[in-house]
There are 2 protein chains.
Amino acid sequence: MNLENTQVQMRKGVLEFCILSIIARGEVYASDMLEELTNAKIMVVEGTLYPLLTRLRKAGLVDYKWVESISGPPRKYYTLTDKGNQFLQGLRSTWNELVTSTNTIVNHV
Amino acid sequence: MNLENTQVQMRKGVLEFCILSIIARGEVYASDMLEELTNAKIMVVEGTLYPLLTRLRKAGLVDYKWVESISGPPRKYYTLTDKGNQFLQGLRSTWNELVTSTNTIVNHV
DNA sequence: AAAAAATACTTGGTATTACAAGGTACTTTA
DNA sequence: TAAAGTACCTTGTAATACCAAGTATTTTTT
């Protein structure tokens with residue numbers, strides 16, 4: 001049990017929330033997401049992101065379309081479905097409740 | 001993929017942080033922790049808590065002593081070790097960073 | 001006193017999932 | 001044409017929350 005491992009654990013679940021939030025703002029492809037997550041210091045690697053995107057699509061939360069790139073292979077651009085939008089709203093509540101609950105515990109006098 | 005499942009995922013890792021925080025405030029046994037976590041709306045069941053406490057003890061973060069109860073079987077009262085205290089301080093940083101990072105993503109305009 | 005309920009802790013088994021490592025395919029550059 | 005870059009995918013592993021059932025002790029009920 002080390003700190004790094006716990007950091008990984010803490011991020012689980014939150015990742016899904018972040019990715020759906022990013023897609024909600026406009027069409028993006030995987031590298032866009034990776035860049036934004038990295039900028040926010042939420043470290044994710046391809047091996048995590050791609051399977052997660054596949055899961056989200058199978059769950060009907062996101063959709064994608066192939067778009068030719070002017071410099072490189074085609075990309076999958078993702079968008080949120082109606083269902084994904086509803087789900088995201090639920091996640092916002094869940095996240096806020098988690099933060100509140102956790103702060104209640106750890107700041108308890 | 002459903003909302004409940006994601007709520008579970010979000011809580012992972014945070015649990016460790018909450019439990020160490022509770023133990024840091026004074027000697028408690030498992031039912032005390034369950035009650036406090038439940039009050040804060042962080043749902044945990046025995047099957048989650050006991051293995052987690054065992055992991056924390058094996059990692060040298062917590063220690064316990066048996067104490068006779070005036071009404072029921074003896075209880076394991078937990079305390080934080082020095083190592084556990086240091087670890088908890090690291091978790092505080094990790095938690096604050098996670099909240100900041102996540103809010104950066106999801107509140108991005 | 002025996003049976004039932006309550007309290008407290010423990011233990012397999014399963015499902016989920018982040019990550020490492022390696023792979024496929026296409027495009028651009030040297 | 002070869003090398004480098006870009007983009008997406010897949011297999012295997014480790015960690016761990018939860019379910020379900022079990023053990024042990026004490027208290028309450030019959």
Side-chain angles (χ1 to χ4, degrees), chain A residues 1-20 23 27-35 37-38 42-59 61-78 94 98, chain B residues 1-20 27-35 37-38 42-59 61-78 94 98 101:
Chain A
M1 175 161 308
N2 60 355
L3 193 56
E4 272 181 36
N5 188 23
T6 303
Q7 290 172 334
V8 169
Q9 290 306 314
M10 276 197 181
R11 274 209 332 265
K12 288 185 181 182
V14 175
L15 254 187
E16 216 168 281
F17 179 38
C18 288
I19 287 167
L20 288 174
I23 297 175
E27 297 191 353
V28 282
Y29 74 111
S31 295
D32 289 334
M33 304 181 210
L34 280 174
E35 189 188 341
L37 291 166
T38 301
I42 295 185
M43 298 308 169
V44 191
V45 293
E46 288 188 331
T48 299
L49 183 58
Y50 283 109
L52 177 50
L53 288 172
T54 301
R55 280 203 305 279
L56 293 173
R57 192 186 56 73
K58 280 185 183 160
L61 303 181
V62 301
D63 205 352
Y64 69 83
K65 61 180 178 192
W66 284 101
V67 175
E68 297 290 328
S69 168
I70 50 166
S71 64
R75 304 162 174 174
K76 278 185 175 176
Y77 274 84
Y78 285 86
T94 299
L98 178 70
Chain B
M1 174 162 308
N2 58 356
L3 191 56
E4 273 182 34
N5 187 24
T6 304
Q7 289 172 334
V8 169
Q9 291 305 316
M10 275 197 181
R11 276 208 330 265
K12 289 184 179 179
V14 175
L15 254 188
E16 216 170 281
F17 179 38
C18 288
I19 287 167
L20 288 175
E27 298 191 352
V28 283
Y29 75 111
S31 295
D32 290 335
M33 303 181 211
L34 279 174
E35 190 188 340
L37 292 167
T38 302
I42 296 185
M43 299 307 170
V44 191
V45 293
E46 287 187 331
T48 300
L49 182 58
Y50 283 108
L52 177 50
L53 288 171
T54 302
R55 278 205 306 281
L56 293 173
R57 191 186 56 72
K58 280 184 184 160
L61 303 182
V62 302
D63 206 352
Y64 69 83
K65 60 182 177 192
W66 284 101
V67 175
E68 297 292 326
S69 167
I70 49 167
S71 64
R75 303 163 173 173
K76 278 185 175 176
Y77 274 84
Y78 285 86
T94 298
L98 177 70
S101 294

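Naming: A, B, ... by sequence-line order, numbering from 1 per chain. Predicted, not measured: the structure shown is a model, and the values here were computed from it.
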Euclidean distance, atom CZ of residue A:Arg55 to atom P of C:dT16 [Å, nearest integer]: 10 Å
Separation of D:dC8 atom C1' from A:Leu56 atom CG, nearest Å, is 16 Å
C:dA20 P sits how many Å from A:Met43 CE, rounded? 12 Å
Tightest non-hydrogen contact, residues A:Leu53 and A:Val62, listed as O-CG2, 4.2 Å
Take the protein atom CG of A:Leu49 and the nucleotide atom C1' of D:dC9, then report the distance between them rounded to whole Å. 12 Å
Residue list, side-chain contact (heavy atoms from CB on, under 4.5 Å) with B:Pro74, at least two apart or on another chain: B:Trp66, B:Glu68
A:Leu34 atom CG is separated from D:dA7 atom C1', nearest whole Å, by 11 Å
Round to the nearest Å and state the distance from A:Leu37 atom CG to C:dC19 atom C1'. 15 Å
Length of the line joining B:Leu53:CG and D:dT16:P, which is rounded to integer Å: 14 Å
By the 4.0 Å heavy-atom rule, please label B:Ile70 as base, sugar-phosphate, or nothing. sugar-phosphate
Donor-acceptor pairs under 3.5 angstrom involving side-chain atoms of residues 27-34 of chain A: please list them, not counting sequence neighbours.
residue: A:Glu27; atom: OE2; partner: A:Lys65; partner atom: NZ; Å: 3.3
residue: A:Tyr29; atom: OH; partner: A:Arg75; partner atom: NE; Å: 3.4
residue: A:Tyr29; atom: OH; partner: A:Arg75; partner atom: NH2; Å: 3.3
residue: A:Asp32; atom: OD2; partner: A:Tyr29; partner atom: N; Å: 3.2

Quick one: what's the B/S/- string for nucleotides 5-11 of chain C, heavy-atom cutoff under 4.0 Å, read 5' to 3'? --BSBBB
Using whole Å, what does the distance between atom P of nucleotide D:dA17 and atom CG of A:Leu98 come to? 13 Å
The test is side-chain contact (heavy atoms from CB on, under 4.5 Å); show your working for A:Ile23 and A:Leu61 and say whether it passes. CA-CA 10 Å; A:Ile23 297 175; A:Leu61 303 181; over 6 Å; no
Are the side chain of B:Thr48 and the backbone of B:Val44 linked by a donor-acceptor contact shorter than 3.5 Å? no
Closest non-hydrogen atoms of A:Pro73 and A:Ser69, given as atom of the first, atom of the second and distance, are O-CB, 3.5 Å
